[in-house]
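Protein chains get the first letters and strands the later ones, always in sequence-line order, with residue 1 at the start of each.
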2 protein chains.
Amino acid sequence: MATVKERPRLGGRSARIQASVHEAVEQLSAEMDRSELAIPAIAARAGVTPSTIYRRWGSLGDLLADVAVKRLRPMADPLDTGSARTDLQAWTEQFMEEMSSEVGRAMIRDVFSSPVETNACQCCAYTYEQLQTIADRTAGRGEAGFDVDEVVDHVVAPIMYRILFSGRPMDMDYCDALIDRVMPGCE
Amino acid sequence: MATVKERPRLGGRSARIQASVHEAVEQLSAEMDRSELAIPAIAARAGVTPSTIYRRWGSLGDLLADVAVKRLRPMADPLDTGSARTDLQAWTEQFMEEMSSEVGRAMIRDVFSSPVETNACQCCAYTYEQLQTIADRTAGRGEAGFDVDEVVDHVVAPIMYRILFSGRPMDMDYCDALIDRVMPGCE
DNA sequence: TTCTTAACGCAAAGGAATTGCGTTAGTGCG
DNA sequence: CGCACTAACGCAATTCCTTTGCGTTAAGAA
């Protein structure tokens with residue numbers, strides 16, 4: 001239930017256990033189906049007692065959400081391909097493929113399996129930052145940029161909606177068409 | 001983990017139990033927090049044994065998803081206000097408010113708390129049908145219509161994205177702006 | 001180094017999930 | 001209409017997950 005609160009103890013044992021538990025979750029969710037993933041098994045793999053996990057994360061849902069948010073965090077800045085248009089295309093393609101994949105969809109689902117709404121917001125913040133980074137580059141190049149909010153509403157949102165709800169397959173042509181709507185006249 | 005499969009027995013006791021369990025879920029989820037909602041309690045309220053629920057729905061997640069999808073089903077056709085534009089505005093306003101509400105968000109969450117992807121697709125199908133109904137009316141009126149897919153991508157998707165991820169509040173002006181993008185020139 | 005206390009391990013207790021078996025009641029056939 | 005068939009249910013025992021009290025360990029501060 002719990003909080004996954006900011007913990008005043010970040011060093012040594014606490015950090016070691018957190019890393020160990022996260023790794024155990026990643027390993028086990030790759031080995032078995034999500035429905036048979038249980039906290040005692042995770043604890044055993046991580047080399048801790050179950051009560052440690054219960055006290056620190058509260059429930060399986062919170063733990064999975066915590067791990068998913070961590071994995072959803074982009075590791076690098078979006079690729080600089082020379083123009084806002086191509087940057088956006090490259091980023092969108094990667095985003096769409098990662099989120100559409102089996103593990104991507106599982107992570108998104110995990111994010112929602114916790115009552116803590118902060119998790120979903122955090123994911124949203126990640127994509128917003130990435131897009132802002134691309135947008136900021138345009139200023140240094142003096143080219144026509146784009147509005148980040150518009151990209152979120154009309155490129156990111158439709159992609160996520162298809163993944164989560166309609167299940168309709170997408171290709172790069174579809175993504176390009178979405179980008180066209182927020183960057184008109186930049187063929 | 002189960003299936004919520006189509007059951008060959010639709011009459012009498014089976015139907016009675018299903019209705020009773022659904023009602024128990026609705027009652028209890030209004031009375032207590034989702035985190036303390038448990039199958040034994042639901043079974044007691046519904047007047048059945050827990051094993052009945054486990055066998056029929058598999059898990060709490062599947063049961064909640066089943067109930068949520070049923071409640072998400074629209075009860076009536078979208079209001080006919082005389083034009084496609086106003087129909088769309090009326091429908092979007094209602095959709096946005098229902099989904100943004102506390103119970104709406106809880107139901108969406110429940111839909112994802114089951115590994116069965118069919119549930120989310122079903123919800124998507126509901127909105128698609130509603131929009132199609134509005135679109136079909138335009139044919140009988142000879143007015144400029146709209147593309148349902150476009151409305152899903154650029155009106156429904158942004159709204160859902162804000163509810164699920166960014167948490168950003170919305171008003172009717174925002175929705176109208178979204179509609180403008182898919183129905184240009186119809187001020 | 002020493003003190004304080006957050007975080008962990010252990011173990012017991014409580015509750016939920018699973019399953020075998022007998023019973024009830026839809027459904028279809030004669 | 002009555003009978004056979006079997007899906008679905010109730011009951012109860014078992015297993016596993018979850019919670020909690022208490023003693024111990026180790027991180028952070030003085």
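- Closest approach to the Arg13(A) side chain among dT19(C), dC17(D), dA27(D) is made by dA27(D) (side chain taken as heavy atoms from C-beta onward).
- In the set dA8(D), dG10(D), dG26(C), dG10(D) carries the atom at the smallest distance from any side-chain atom of Thr49(B).
- To the nearest 0.5 Å, atom CG of residue Leu178(A) and atom CE of residue Met183(A) are 13.5 Å apart.
- Between Tyr54(A) atom OH and dT20(D) atom P there is a gap of 12 Å when expressed in whole angstrom units.
- At least one side-chain nitrogen or oxygen of Arg56(B) sits closer than 4.0 Å to the OP1 or OP2 atom of dC9(D).
- By the 30° and 60° cut-offs, the orientation of the rings of Phe112(A) relative to Phe112(B) is parallel.
- Taking every side-chain heavy atom of Ile17(B) into account, dC9(D) is the closest of dA16(C), dT19(D), dC9(D).
- With rounding to whole Å, Leu60(B) atom CG is found 15 Å from dC17(D) atom C1'.
- When rounded to the nearest whole Å, the span between CD of Glu36(A) and P of dC16(D) equals 14 Å.
- Arg56(B) and Asp66(B) are not joined by a salt bridge, as no carboxylate oxygen comes within less than 4.0 angstrom of a charged side-chain nitrogen.
- When the nucleotides dT19(D), dG20(C), dG26(C) are ranked by their closest atom to the side chain of Arg16(B), dG26(C) comes out on top.
- Between Leu37(A) atom CG and dC17(D) atom P the separation is 11 Å, expressed in whole Å.
- Looking at heavy atoms from C-beta onward, Pro115(B) lies out of side-chain contact with Arg34(A) at the 4.5 angstrom threshold.
- The side chain of Pro40(B) sits closest to dA16(C) out of dG21(D), dC17(D), dA16(C).
- With dC21(C), dC22(D), dC17(D) as the candidates, the nucleotide lying closest to the side chain of Arg55(B) is dC21(C).
- The side chain of Ser51(B) sits closest to dA12(D) out of dC17(D), dA12(D), dC21(C).
- One atom, CH2 of Trp57(B), and another, P of dA8(D), lie 11 Å apart when rounded to the nearest Å.
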